[in-house]
Amino acid sequence: MTKEENEKRIERLKNLVRALPEKPGSYQYYDADGTIIYVGKAKNLKSRVSSYFHSEVDRFKTKVLVSKIENISYTVVNTEEDALLLENSLIKKYNPKYNVLLKDGKTYPSICITNEYLPRIFKTRTINKKWGTYYGPYSHIGQMYAILELIKKLYKPRSCRMAVTKEGIESRKYNVCLEYHIKNCNAPCVAKQSYEEYMENIQEAREILKGNTRQLLTIMKNKMLYLSEQLRFEEAEELKRRYLLVESFVAKSEVVSHTIDNVDVFTITNDEKVAYINYIHVSNGSINQSFTFEYKKKIEESVDDLLALGIIEMRERFESNAREIILQENIELELEGVTITVPQRGDKKKLLELSLMNGKQYKFDRLKQAEKLNPEQKQVRLMKELQEKLHLTKMPYHIECFDNSNISGSDPVAACVVFKKMKPSKKDYKHYNIMTVEGPDDYASMKEVVRRRYKRLIEEDSTLPDLIIADGGKGQMEVIRQVVEDELKLDIPIAGLAKDSHHRTNELLYGFPPNTIGIKPESELFHVLTDLQDEVHRFAITFHRNKRSKHQLHSELDDIKGIGPKTRDELLKKIKSVKKIKDTDIQTLAEIIGNSKAKIIYNYFHQSENNS
């Protein structure tokens with residue numbers, strides 16, 4: 001590879017990195033043959049992956065790895081712990097060349113409830129479904145031990161490894177052990193605890209491991225009330241202790257458990273011209289494949305048609321033999337021996353949400369990447385969005401916004417800022433001194449400025465704006481309308497940006513009478529509009545401050561004909577104040593500024609004396 005080709009490769013990869021989300025997940029590097037050569041995890045995908053492409057990287061291994069990368073893919077998850085699980089699964093599946101850790105076959109531990117007559121509950125790294133039911137895996141070991149400790153306190157399951165049987169209990173084959181004496185076990189092996197009560201406890205432990213703590217709390221609460229009504233207060237008190245323990249406990253981490261095996265998950269995210277289909281495959285309780293593909297829409301294809309096409313194509317491409325497919329909703333698709341599930345809750349629902357999040361993130365990243373290559377695309381998208389929100393006849397390419405500024409009516413000014421293509425056009429900004437209004441009257445000031453602005457544009461035959469925005473609510477909109485529509489007979493749409501009690505922009509108003517237009521505060525369009533409002537406010541305040549500063553710096557010396565700013569500053573520097581200059585004799589003045597100017601100043605201040 002030539003130096004020029006390598007530079008192009010690095011720049012292409014950096015563009016991919018710039019579009020990565022700032023979310024937890026796993027990332028994969030591919031070589032020129034499309035083989036995965038490295039799998040990593042990150043709390044922040046964008047930050048972590050970008051660190052590989054810093055010029056100051058000096059580790060030899062990293063440099064070699066970067067030199068082999070041709071493409072990058074990633075999978076978004078909910079937490080850093082989930083990223084660990086996904087990384088573990090992918091490394092074991094693909095055995096990447098540059099991964100060193102997690103190749104030894106070690107897995108994260110799970111919690112097992114055995115299939116014995118009196119089931120045991122313990123942690124294990126070995127999964128064999130013949131032995132029992134498994135919950136996990138747990139990437140956060142502390143969390144796993146917290147769950148085991150809770151179950152131990154609540155239910156005291158047996159910890160011995162004896163092969164306890166029903167016949168052995170009935171024949172009194174077993175004896176109590178130390179665990180019973182130190183109150184860590186209720187000794188079901190010698191019938192000191194009934195089999196029914198022990199199994200009821202095991203069932204409740206299963207609910208905790210599944211994360212169904214709310215349902216369990218409801219059951220426990222109802223049972224407490226029943227025991228209280230039956231005056232069985234000691235039992236009710238014991239149940240209350242358990243209830244409080246469960247209530248204070250935070251359920252286990254999300255993603256997948258060993259109860260889910262060999263399952264495909266598909267979700268579809270739509271755009272105007274493209275559908276994004278995300279595919280996740282789960283095997284032995286772990287995600288081992290996650291990809292998002294783009295399908296360009298055709299006029300005759302429905303969303304269901306596209307999804308069905310994606311399911312068939314991806315299952316064939318990845319040679320999936322999964323007998324269950326999880327979808328957002330049922331579609332007309334019949335595959336022999338395959339069940340379609342639309343989950344409403346539980347682990348499968350979480351998988352569906354994870355797939356949908358990956359599809360949406362991929363769509364967002366593609367859009368962001370396209371906008372970086374073509375910045376105008378974003379501006380056009382925002383103009384179209386605003387046009388749709390306000391039902392305008394054309395895109396608001398040229399927007400103007402007005403604001404007033406004064407303090408108790410002194411030095412009143414106004415400003416007009418211009419945005420073109422949703423960006424400031426500073427060369428078109430205008431500021432105005434208020435001429436016809438006396439006192440602090442914002443509405444009258446706004447009328448004067450809007451009238452002057454658009455009369456001049458009409459006289460000069462200049463381009464009029466596609467949209468006018470008032471920095472204020474209904475009152476400001478109305479006075480602008482009176483000038484624009486009633487006086488000047490112009491047909492220009494008028495909107496308003498109203499603020500809440502904390503002086504923060506909280507709504508866009510449009511129409512007469514004005515209605516609130518629904519825009520999410522976190523959306524890009526809302527940010528552009530608040531930028532516009534902040535900009536007109538900044539421009540007006542800056543002009544007002546400058547004018548006020550000049551006014552405050554005005555001195556009586558400025559009114560003396562023949563005395564300029566240089567002479568004024570020289571006198572004030574030496575004599576400090578106008579009052580002292582009045583009392584200074586002509587000889588002292590002459591020593592500072594010369595005879596002729598000294599005479600002018602002396603005569604100005606002593607004119608009445610000279611006349612007498």
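Note that this is a predicted model, so its numbers are computed, not measured. Computed over heavy atoms, backbone and side chain alike; hydrogens, waters and symmetry mates excluded.
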E22/R48 salt bridge by N-O under 4.0 Å criterion
no
Compare every heavy atom of L386 with every heavy atom of P396, then report the nearest pair and how far apart it is.
CG-CD2, 3.8 Å
Decide yes or no for Y362 and E294: does some side-chain heavy atom of the first lie under 4.5 Å from some side-chain heavy atom of the second?
yes
Between R158 and R120 (side chain of the first, backbone of the second, donor and acceptor by atom type, cut-off under 3.5 Å), is there such a pair?
no
Qualifying residue for side-chain contact (heavy atoms from CB on, under 4.5 Å) with Y38, from L65, I69, D31
L65
With distance as the sole test, does Q344 use its side chain to make a donor-acceptor pair with the main-chain N or O of V342 at under 3.5 Å?
yes
Would you call E11 and K14 a salt bridge, taking side-chain N to carboxylate O under 4.0 Å as the test?
no
Enter the distance from E207:CD to I219:CD1 here, rounded to the nearest 0.5 Å.
6.5 Å
For a salt bridge (charged side-chain N to carboxylate O under 4.0 Å, His left out) check, start with the C-alpha distance between E238 and R241, then their side-chain angles and the critical distance, and finish with the verdict.
CA-CA 5 Å; E238 171 60 21; R241 181 187 69 82; 2.7 Å; yes
Among all residues two or more places apart in sequence or in another chain, which pass the side-chain hydrogen bond (donor to acceptor under 3.5 Å, both in side chains) test with Q361?
K23, D365
Just by distance, no angles: are the side chains of Y27 and Y52 close enough, under 3.5 Å, to form a donor-acceptor pair?
yes
Flag yes if more than 12 heavy atoms outside K389 fall under 6.0 Å of its NZ atom; otherwise flag no.
yes
Set of residues satisfying ring-ring contact (aromatic ring centres under 6.0 Å, His included) with respect to F293, sequence neighbours excluded
none
Checking the side chain of N6 only, and the main-chain atoms of T2 only, is there a donor and an acceptor separated by less than 3.5 Å?
no
Answer yes or no: is there a side-chain heavy-atom contact under 4.5 Å between N201 and Q193?
yes
Give a yes or no on whether the backbone of R18 and the side-chain of K46 come within a donor-acceptor separation of less than 3.5 Å.
yes
Run the numbers on I326 and I280 for side chain to side chain contact (heavy atoms under 4.5 Å, CB included), then give the verdict.
CA-CA 10 Å; I326 297 174; I280 287 178; over 6 Å; no
Is any side-chain heavy atom of T341 closer than 4.5 Å to a side-chain heavy atom of I325?
no
Quick check for you: to the nearest 0.5 Å, what is the distance between T292 atom OG1 and N358 atom CG?
5.5 Å
Show the numbers, then the answer: is there a side chain to side chain contact (heavy atoms under 4.5 Å, CB included) between S159 and F122?
CA-CA 8 Å; S159 56; F122 56 87; over 6 Å; no
If we ignore hydrogens and angles and just use 3.5 Å, is the side chain of E313 paired with the main-chain N or O of G310 as donor and acceptor?
no
With no hydrogens and no angle check, is any side-chain donor or acceptor of T530 less than 3.5 Å from a backbone partner on H527?
yes
Taking the side chain as every heavy atom from C-beta outward, state whether D304 and E329 have any atom pair closer than 4.5 Å.
yes
Nearest 0.5 Å, what's the SG-CG distance between C160 and L118?
8.5 Å
Across all chains, not counting sequence neighbours, the salt bridge (Lys or Arg N to Asp or Glu O under 4.0 Å) partners of R161 are none
Shortest non-hydrogen pair, T133 vs N115, comes out as N-OD1, 4.4 Å
Quick one about E353 and S355 (side-chain donor to acceptor, distance below 3.5 Å, no hydrogens or angles considered), yes or no?
no
Aromatic centroids of Y198 and Y155 separated by under 6.0 Å
no
Answer with yes or no whether the side chains of Q328 and T267 bring together a donor and an acceptor at under 3.5 Å.
no
How long is the straight-line distance from CE of M357 back to OG1 of T269, given to the nearest 0.5 Å?
11.5 Å
Which heavy-atom pair separates M422 from L525 by the least distance, and what is that distance?
CE-CD1, 3.8 Å
Could you work out, with side-chain hydrogen bond (donor to acceptor under 3.5 Å, both in side chains) as the rule, every residue matching K156, not counting sequence neighbours?
none
Checking K360 against Y276 for the side chain to side chain contact (heavy atoms under 4.5 Å, CB included) test, could you report, in this order, the C-alpha distance in whole Å, the side-chain angles of both residues, the deciding distance, and whether it holds?
CA-CA 8 Å; K360 286 180 177 177; Y276 303 89; over 6 Å; no
Residues at least two apart in sequence or cross-chain that pass ring-ring contact (aromatic ring centres under 6.0 Å, His included) with F266, listed by chain then number, are Y279
If we only count heavy atoms from C-beta on, is the D531 to L529 side-chain gap below 4.5 Å?
no
Approximate separation, where rounding is to 0.5 Å, of R125 CZ and I127 CD1:
10.5 Å
To the nearest 0.5 Å, what is the distance between CD1 (I340) and CD1 (I331)?
5.5 Å
Test side chain to side chain contact (heavy atoms under 4.5 Å, CB included) on L390 and L508; report intermediate values, then the result.
CA-CA 10 Å; L390 303 183; L508 175 66; 4.0 Å; yes
More than 12 heavy atoms of other residues, nucleotides or ligands under 6.0 Å from OH of Y226: is that the case?
no
If only atom types and distance count, is the side chain of D33 paired as donor or acceptor with the main-chain N or O of T35 below 3.5 Å?
no
Taking every heavy atom of P96 against every heavy atom of V39, the minimum-distance pair comes out as CG-CG2, 3.7 Å
Kindly say whether G40 contributes a backbone atom to a donor-acceptor pair with the side chain of S26 at under 3.5 angstrom?
yes
Does either side chain, that of E116 or that of T114, offer a donor lying less than 3.5 Å from an acceptor on the other one?
yes
Least distance between heavy atoms, P119 atom then I113 atom:
CB-CG2, 4.0 Å
Distance-only polar pair, side chains of N15 and R12, donor-acceptor under 3.5 Å:
no
K363 side chain to N270 backbone, donor-acceptor under 3.5 Å:
yes
E324 and T339: side chain donor to acceptor below 3.5 Å
no
Kindly give the heavy-atom pair with the smallest separation between I111 and I147, and that separation in Å.
CD1-CG2, 4.1 Å
Could you check whether any side-chain heavy atom of N278 comes within less than 4.5 Å of a side-chain heavy atom of L356, counting everything from C-beta outward?
no
With sequence neighbours excluded, tell me which residues meet ring-ring contact (aromatic ring centres under 6.0 Å, His included) with Y30.
none
Using only atom types and a distance under 3.5 Å, with no angle test, would you say the side chain of S320 pairs donor to acceptor with the backbone of A322?
yes
Under 4.0 Å between a side-chain nitrogen and a carboxylate oxygen: does that hold for E200 and K223?
yes
Does E5 pair with R9 as a salt bridge, N-O distance under 4.0 Å?
no
Going by heavy atoms in the side chains, are I202 and I121 under 4.5 Å from each other?
yes
Is the shortest heavy-atom distance from the side chain of Y94 to the side chain of Q28 under 4.5 Å?
no
